[in-house]
Amino acid sequence: MNKVITISREYGAGGHTIGKRVAQELGIEIYDKDIVRETVRASGFETEVVQEEEEDVSKASTFLKSLCSSSVHYRDPQEVIHEVQTAVILQFAKKGPCVILGRCADDILRESDMDVLNVFIHADDLHRAVRISEMTGITNATELQKLMAKKDSSRRNYYEHYTHKKWGDSHNYDLTLDSGKLGVDLCVQMIVEAAKAGE
């Protein structure tokens, strides 16, 4: 199996768990926090800054940054971080078969000559809320709904800002899976089989 697998996902849809399982099944690396660590090392930014900027592009912050960008000496930290992350993702992908989570990896690798399988994981609000509640300990339905909306909005804005494509649009991925309906095990199995196809 020589594919690089990218997994984009709605918050709470289990994309991280599925990605980790896929990597284990195929005996390959998974890159998530490693991307943050390498970005911190290469950019010089603090970990907190990288984590805050890497998946959050609000309209307000974009407007404010555009005002500041008229200064010759100003470089938007988020743009710098995205550039460094792009290089890090390409570096990891070139090492060999792996799973890469989020961070526009599907679009970054689209123009490469690597064999890439792009996956999007989604689920209905109820399944996501249950998973998020288990992860965070939050039990209030309104709070869970707000958290889902906030996280998804951040991921959508970030993806669409840097790729100019619609986040979650099935045309941008090779495989879109409903983890709520299919379950984690079947999602893992389908991704593994798709990754092995054509060997």
Side-chain angles (χ1 to χ4, degrees), residues 1 3-26 28-36 51-52 54-58 85 89 93 97-110 116-197:
M1 203 291 296
K3 282 186 175 68
V4 174
I5 302 163
T6 73
I7 297 184
S8 304
R9 72 280 192 212
E10 290 181 333
Y11 181 61
H16 186 276
T17 300
I18 290 167
K20 195 174 178 181
R21 287 267 309 276
V22 167
Q24 287 171 345
E25 290 272 340
L26 293 171
I28 60 178
E29 295 290 335
I30 179 168
Y31 297 116
D32 182 16
K33 299 301 181 190
D34 313 78
I35 298 171
V36 174
Q51 289 175 330
E52 186 178 317
E54 69 173 358
E55 283 195 349
D56 189 16
V57 180
S58 69
Q85 281 198 339
I89 286 168
C98 61
V99 174
I100 301 176
L101 292 177
R103 300 174 181 87
C104 304
D106 60 298
D107 195 68
I108 290 167
L109 298 175
R110 200 175 301 278
V116 183
L117 176 70
N118 296 316
V119 181
F120 188 83
I121 308 290
H122 62 97
D124 60 88
D125 285 0
L126 180 58
H127 279 92
R128 292 167 64 203
V130 169
R131 178 177 286 276
I132 294 165
S133 181
E134 289 170 354
M135 289 190 302
T136 63
I138 298 171
T139 55
N140 182 280
T142 304
E143 283 185 47
L144 287 167
Q145 197 69 39
K146 283 181 180 177
L147 183 57
M148 275 193 290
K150 181 183 176 184
K151 290 282 194 179
D152 281 351
S153 177
S154 292
R155 291 178 181 184
R156 179 179 297 106
N157 290 340
Y158 185 87
Y159 184 86
E160 294 181 359
H161 175 76
Y162 286 109
T163 69
H164 307 293
K165 295 182 175 71
K166 188 176 178 184
W167 183 70
D169 184 342
S170 60
H171 293 90
N172 298 329
Y173 310 95
D174 304 304
L175 200 58
T176 57
L177 300 172
D178 184 337
S179 61
K181 189 168 286 186
L182 299 172
V184 168
D185 290 348
L186 186 52
C187 285
V188 171
Q189 182 185 335
M190 291 174 77
I191 296 169
V192 167
E193 287 181 7
K196 289 180 175 178

Sequence neighbours excluded, the answer for ring pair (Phe, Tyr, Trp, His ring centres under 6.0 Å) partners of F120 is W167, Y173
Sorted by chain and residue number, the side-chain contact (heavy atoms from CB on, under 4.5 Å) partners of I138 (sequence neighbours excluded) come out as T136, E143, L144, L147
- Query: Is the closest side-chain heavy-atom distance between L26 and I5 below 4.5 Å?
  - Reply: yes
Heavy atoms of H161 and H164 approach each other most closely as O-CE1, 3.5 Å
Rounded to the nearest 0.5 Å, the OG atom of S179 sits from the CZ atom of R131 at a distance of 6.5 Å
Please examine the side chains of I100 and I35, heavy atoms only from C-beta on, and report whether any two atoms are closer than 4.5 Å.
yes
Please tabulate, one pair per line, all N/O donor-acceptor pairs under 3.5 Å involving side-chain atoms of residues 11-24, not counting sequence neighbours.
{"unit_1": "H16", "atom_1": "NE2", "unit_2": "D32", "atom_2": "OD2", "d": "3.4"}
{"unit_1": "R21", "atom_1": "NH1", "unit_2": "D185", "atom_2": "OD1", "d": "3.1"}
{"unit_1": "R21", "atom_1": "NH2", "unit_2": "D185", "atom_2": "OD1", "d": "3.0"}

So the side-chain hydrogen bond (donor to acceptor under 3.5 Å, both in side chains) pairs with at least one residue in residues 116-130 (sequence neighbours excluded) are T6-N118, D124-H127, D125-R128, D125-Q145, R128-D152
Between K166 and N172, the two heavy atoms sitting closest are O-ND2, 2.8 Å
**Asked** Given I28 and K3, is the side chain to side chain contact (heavy atoms under 4.5 Å, CB included) satisfied, shown in steps?
**Response** CA-CA 10 Å; I28 60 178; K3 282 186 175 68; over 6 Å; no
For R103 and I89, the nearest pair of non-hydrogen atoms, with its separation, is O-CD1, 3.7 Å
May I ask you to decide if A123's main-chain N or O and E10's side chain share a donor-acceptor pair within less than 3.5 Å?
yes
For H171, the side-chain hydrogen bond (donor to acceptor under 3.5 Å, both in side chains) test, sequence neighbours excluded, returns D169
**Request:** Taking the side chain as every heavy atom from C-beta outward, state whether I191 and L177 have any pair of such atoms under 4.5 Å apart.
**Result:** yes
Heavy-atom nearest pair, A93 first then V4, reads O-CG2, 3.9 Å
Sorted by chain and residue number, the salt bridge (Lys or Arg N to Asp or Glu O under 4.0 Å) partners of R110 (sequence neighbours excluded) come out as D106, D107
Sequence neighbours excluded, the answer for side-chain hydrogen bond (donor to acceptor under 3.5 Å, both in side chains) partners of E134 is none
Residues pairing under salt bridge (charged side-chain N to carboxylate O under 4.0 Å, His left out) where one sits in residues 170-184, two or more places apart or in two chains, turn out to be none
Heavy-atom closest pair (A194 atom, L117 atom, distance to 0.1 Å) is CB-CD2, 3.9 Å
Sorted by chain and residue number, the salt bridge (Lys or Arg N to Asp or Glu O under 4.0 Å) partners of K146 (sequence neighbours excluded) come out as none
Tell me whether S154 contacts the main-chain N or O of K150 through its side chain, where contact means a donor paired with an acceptor under 3.5 Å. yes
When rounded to the nearest 0.5 Å, the distance separating CD of E25 from CD of E193 is 10.5 Å
